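Heads up: the structure comes next, in structure tokens.
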Amino acid sequence: MKGKFLIGFALVFGFAILSLPLAAHHGNAAYDATKQINLKGTVTQFIWANPHCVVLFDATDDNGQVVHWMAETENPTTMTNMGWLKSSLKPGDPITIRVITVKNGKPIGRIVWVETASGQKLPGRLLPSVDDAKP
């Protein structure tokens with residue numbers, strides 16, 4: 001009985017140790033889920049790849065300076081199910097984008113939605129506590 005318990009404990013402990021890095025990958029600690037901002041910018045690159053698709057874009061700040069932004073969203077399979085295509089964004093495309101910002105103030109975010117020049121609004125990656133119905 002004691003041997004079976006130790007084997008079971010070792011298996012559960014081993015599984016937990018191996019799976020913790022996977023959970024860490026999806027951490028939300030760096031993002032301020034309460035702060036969303038809208039930006040107008042120009043796509044510089046759209047990366048359609050696992051584990052997350054990424055939009056790189058330039059936007060002008062309040063001082064008129066160009067800021068190079070990076071915003072992530074879901075994986076290609078999930079993005080396809082939400083209406084995105086690998087060709088949805090191309091370098092040079094003007095966009096309006098809403099992102100959840102990082103806490104340290106760097107130009108990094110998670111996409112809530114992207115609106116293309118044609119008016120198509122594509123949903124992005126949402127955190128459970130985020131309400132994208134806000135303006």
Side-chain angles (χ1 to χ4, degrees):
M1 181 72 161
K2 189 174 184 180
K4 288 182 181 181
F5 173 77
L6 288 176
I7 290 171
F9 178 77
L11 288 172
V12 169
F13 183 75
F15 178 75
I17 291 296
L18 292 173
S19 64
L20 283 177
L22 295 174
H25 169 79
H26 290 95
N28 297 322
Y31 294 92
D32 182 354
T34 65
K35 187 172 180 194
Q36 298 180 22
I37 60 170
N38 293 346
L39 299 161
K40 288 184 182 282
T42 303
V43 175
T44 58
Q45 188 175 3
F46 181 42
I47 301 168
W48 185 264
N50 281 316
H52 302 283
C53 296
V54 177
V55 177
L56 302 173
F57 64 99
D58 290 340
T60 306
D61 68 11
D62 294 337
N63 299 321
Q65 299 297 311
V66 174
V67 179
H68 306 292
W69 277 84
M70 188 282 302
E72 72 169 1
T73 190
E74 297 289 349
N75 62 72
T77 302
T78 301
M79 298 300 290
T80 300
N81 291 334
M82 293 191 308
W84 290 70
L85 301 171
K86 186 176 183 177
S87 60
S88 290
L89 300 175
K90 296 176 291 313
D93 284 352
I95 57 170
T96 301
I97 185 169
R98 175 179 285 174
V99 297
I100 301 164
T101 61
V102 290
K103 292 176 183 175
N104 66 10
K106 295 194 184 258
I108 300 169
R110 283 201 173 148
I111 298 171
V112 177
W113 50 257
V114 173
E115 187 173 345
T116 66
S118 67
Q120 181 183 20
K121 200 171 198 178
L122 298 164
R125 186 172 197 205
L126 294 178
L127 297 173
S129 61
V130 174
D131 175 14
D132 73 328
K134 296 177 189 173

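These numbers come from a predicted model, not from an experiment. Below, all heavy atoms of this structure are taken into account, side chains as well, without hydrogens, waters or symmetry copies.
- For S87, the side chain to side chain donor-acceptor pair (under 3.5 Å) criterion is met by no residue, not counting sequence neighbours.
- Counting all heavy atoms, side chain and backbone alike, N104 lies closest to K106 at OD1-N, 3.0 Å.
- The minimum heavy-atom distance between A71 and F57, with the atom names listed, is CB-CE2, 4.1 Å.
- Put simply, OG1 on T96 and CG on N38 are 8.0 Å apart, with the number rounded to the nearest 0.5 Å.
- Atoms CD1 and CG, from I97 and L122 in turn, are 10.0 Å apart once rounded to the nearest 0.5 Å.
- Heavy-atom minimum distance, F46 versus L85: CE2-O, 3.7 Å.
- With sequence neighbours excluded, the residues forming a side chain to side chain contact (heavy atoms under 4.5 Å, CB included) with K103 are D32, listed by chain and number.
- By the side chain to side chain contact (heavy atoms under 4.5 Å, CB included) test, T77 pairs with N75, N81, sequence neighbours left out.
- T42 is linked by a side chain to side chain contact (heavy atoms under 4.5 Å, CB included) to nothing, counting only residues two or more places apart in sequence or in another chain.
- T101 OG1 to W69 CH2: the interatomic distance, rounded to the nearest 0.5 Å, is 6.5 Å.
- In this structure, the side chain of W84 engages the main chain of P123 through a donor-acceptor pair within 3.5 Å.
- Two different hydrophobic clusters hold I108 and V66 under the rule that ILVMFWY side chains link at heavy-atom gaps under 4.5 Å.
- For residues 43-53, there are no salt bridge (Lys or Arg N to Asp or Glu O under 4.0 Å) pairs, not counting sequence neighbours.
- Sorted by first and then second residue, the salt bridge (Lys or Arg N to Asp or Glu O under 4.0 Å) pairs involving residues 85-97 (not counting sequence neighbours) are K90-D93.
- Scanning all heavy atoms of the two residues, the minimum distance from V43 to I95 falls at CG2-CG2, 3.8 Å.
- Within the structure, salt bridge (Lys or Arg N to Asp or Glu O under 4.0 Å) pairs that include any residue of residues 60-72 comprise E72-R110, E72-R125 (at least two apart or interchain).
- Between I37 atom CD1 and I100 atom CD1 the span is 11.0 Å, to the nearest 0.5 Å.
- Between P76 and A49, the shortest heavy-atom contact is CD-O, 3.6 Å.
- Going from atom CD of E115 over to atom NZ of K40 covers 7.5 Å, rounded to the nearest 0.5 Å.
- Remark: L39 CG to R98 CZ distance equals 10.5 Å, nearest 0.5 Å.
- In this view, T44 and L56, D58 satisfy the side chain to side chain contact (heavy atoms under 4.5 Å, CB included) rule, not counting sequence neighbours.
- Shown here for M82 and G124, the closest heavy-atom pair between the two residues is CE-O, 3.9 Å.
- Between the side chain of H52 and the backbone N or O of T73, at least one donor-acceptor pair lies under 3.5 Å.
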